[in-house]
Number of protein chains: 2
Amino acid sequence: MQQKTLPSNMRNKKVVDLHAAKVACKECSLHQLCLPRSINGSDLEKLDSIIERKKPLKRNEHLFQVGSSFHSIYVVRSGSLKTYSPTVDGQEQVTGFHLPGELLGLDAIGKGRHPCAAKALETTSVCEVPFEHLEGLSQELPTLQHQLLRLMSKEIFDDQELMLLLGKKTAEARLSAFLLSISLRFKQRGFSSVEFYLSMSRNDIANYLGLAVETVSRMFTRFQEDGLIEAERKHIIIKNRENMRQIAGMNECCDETSAKDSQQIS
Amino acid sequence: MQQKTLPSNMRNKKVVDLHAAKVACKECSLHQLCLPRSINGSDLEKLDSIIERKKPLKRNEHLFQVGSSFHSIYVVRSGSLKTYSPTVDGQEQVTGFHLPGELLGLDAIGKGRHPCAAKALETTSVCEVPFEHLEGLSQELPTLQHQLLRLMSKEIFDDQELMLLLGKKTAEARLSAFLLSISLRFKQRGFSSVEFYLSMSRNDIANYLGLAVETVSRMFTRFQEDGLIEAERKHIIIKNRENMRQIAGMNECCDETSAKDSQQIS
DNA sequence: AGCCATAATTGATAAATGTCAATTTTATAC
DNA sequence: GTATAAAATTGACATTTATCAATTATGGCT
């Protein structure tokens, strides 16, 4: 598996992390939608023809708002977004982060409305896949239907993993698992799993993990003291993955293995 | 909406709660799969023909084990089950409860293996829907494909709601939201949302909510002191739903409204 | 380049929940 | 029906994490 380290000029610049590293369609989840092994050329063209490229979002711009009506699924091409829901007390609750190659909007099919909002964390471009067209095409192409069901299933599976995390674990276990998860997702897209940039704020991380910002900050400090990571602001280097796994309370099955699994479409 | 209160002879007997109240196929999620509005008679027959009825499970029997290969989706006809995953430290982590009319196994499509085990909480019968057949049939029947995608999307949505709960809330908020959730699900199946039996132990509830058993027990006590519920063992009566909503940090949209939404297939 | 708003860190304290231990209640088996 | 095991409850105490407050660092803007 190829490993690209992000170019060094990204280190001290502001936004360029994920944004600069554009992901070719062939490497993203959409490619998984295209069914790498079994789809043929003309089918792939058909799929390609329904996809719309949208103009890039600037930081803090919304891809969609809470309650907006559902038309399309989106795939992140470059950059990153967060999804969040409003809570009763007027706060927002971050429900997910979306890196290049990942999907947004699957949770909106059921009710026809987006239950959460999606906001760009940096300059971000996405592909738009109109859902009616995708459904129609899935009707023609059994492999595409299958792949769509697989991706939705994976989403359910991933959410459940996160539930485990939020339900049971200590603050350090949560943060450790979070960092490992991000690391793994970078790896799956062909980037380095050892060194990467977090596009989200400590606040977003804390919110997502159900912790106070201060606690997250302290954990970052402790992880550095313990030699688990090096962290300078958003720039993270994983120094001791094995210990982090133990702290996260993960068995190995949740790392390399599942990473491979989700690559090779059987 | 009709409201059936469970027969009084269930009160002081052991198992008969959910188990006794068999749900007709027309009232369960499978009926949603059948697409109430738009599917015609012969299509419905086709769907009916691929469904297998299995012989009932006794309490503590498994429907499937962790890692077992995925063939079918299951629909609960009567009784109830819990799903759970093993954790590193040899414990189990409860990931969900499944009441009559609800689905199991959607999280297994992705990898072809069940990431969790499913165990009957009481005498329980399920319908088995072989996934290959379902996929094939969905290929023929666009409305069925659409419905399948909707149901999976709903699962994603529901999981995210739970994540919100586990991530942010206090112990009392979690338990309150849990009880309201169960109440709502009963209501959706046509049972009373005010009075019902919990088939799962306090231990399972605590595990599911990421709390210690003792904390759950104390919360039950407190809720009774505060007049929110009456609880005698597993028999629960909701006395003050409005206060419980506030404690759970829910806006109304998460109750009646969404209940209706998921009934009417548009 | 410098200013201002925002984000991140750190410390002190309070509140919530987990842990340990004992007791009571309920369920199961003989 | 009784014995035994399992589940639930309750209390005392320890630990973790949230909250409040203050300080420092960073990033965006003119």
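Chain letters run A, B, ... following the sequence lines, proteins first, then strands; residues in each count from 1. Any value given below was found using the heavy atoms of this structure, including those in side chains, with hydrogens, waters and symmetry copies removed. For clarity, every value in this text was computed on a predicted model and none was experimentally measured.
- Listed candidates were dC20(C), dA21(D), dT26(D). Nearest to the side chain of Glu214(A) is dA21(D).
- Atom CD in Glu232(B) sits roughly 11 Å away from atom P in dT9(D) (whole-Å rounding).
- Between the CD atom of Glu172(B) and the P atom of dA15(C) there is a distance of 15 Å, rounded to whole Å.
- Among dT17(C), dA18(D), dC20(C), the nucleotide with an atom closest to any side-chain atom of Thr170(B) is dT17(C).
- Considering only the side chain of Asn203(A), dA8(C) comes nearest among dG28(D), dA8(C), dG18(C).
- Classification of Glu102(A) and Arg185(A) as a salt-bridged pair holds, one side-chain N sitting under 4.0 Å from a carboxylate O.
- Place Met200(B) and Arg222(A) on DNA chain D by their nearest nucleotides, and Met200(B) ends up nearer the 5' end.
- Using a 4.5 Å heavy-atom cutoff, the side chains of Phe97(A) and Phe178(A) are in contact.
- In terms of phosphate contacts, Lys234(A) brings no side-chain nitrogen or oxygen within less than 4.0 Å of OP1 or OP2 of dA7(C).
- For the pair Tyr197(A) OH and dT26(D) P, the computed distance is 13 Å after rounding to whole Å.
- In this structure, of dT10(D), dT17(D), dA7(D), it is dA7(D) that holds the atom nearest to the side chain of Ser201(B).
- Taking the side chain of Met219(A) as heavy atoms from C-beta on, and the options dT9(C), dT26(C), dT17(D), the nearest nucleotide is dT17(D).
- For dT10(C), one of the phosphate oxygens OP1 or OP2 lies less than 4.0 angstrom from a side-chain nitrogen or oxygen of Thr221(A).
- Ser85(B) and Glu92(B) share no donor-acceptor pair across their side chains, judged by distance under 3.5 Å alone.
- Put simply, Thr215(A) has a side-chain N or O that comes within less than 4.0 Å of OP1 or OP2 on dA18(D).
- Comparing Val216(B) and Val216(A) by the nucleotide of DNA chain D that holds the closest heavy atom to each, the one mapping nearer the 5' end is Val216(B).
- Here the P atom of nucleotide dA18(D) and the CZ atom of Arg174(A) are 8 Å apart, to the nearest Å.
- For the pair Glu122(A) CD and dG27(D) C1', the computed distance is 15 Å after rounding to whole Å.
- Per the geometry, CG belonging to Leu198(A) stands 16 Å off C1' belonging to dT26(D), to the nearest Å.
- In this model, the phosphate group of dT10(C) is not approached by any side-chain N or O of Arg218(A) to a distance below 4.0 Å at OP1 or OP2.
- The distance between atom CG of Asp204(B) and atom C1' of dA8(D), rounded to the nearest whole Å, is 13 Å.
- Relative ring orientation between His114(A) and Tyr74(A) is described as tilted, the plane-to-plane angle lying within the 30° to 60° band.
- OP1 or OP2 of dT9(D) sits under 4.0 Å from a side-chain N or O of Arg202(B).
- Per the geometry, CG belonging to Asn207(A) stands 13 Å off P belonging to dA7(C), to the nearest Å.
- Salt bridge status for Arg222(A) with Asp226(A): absent, with no side-chain N to carboxylate O gap under 4.0 Å.
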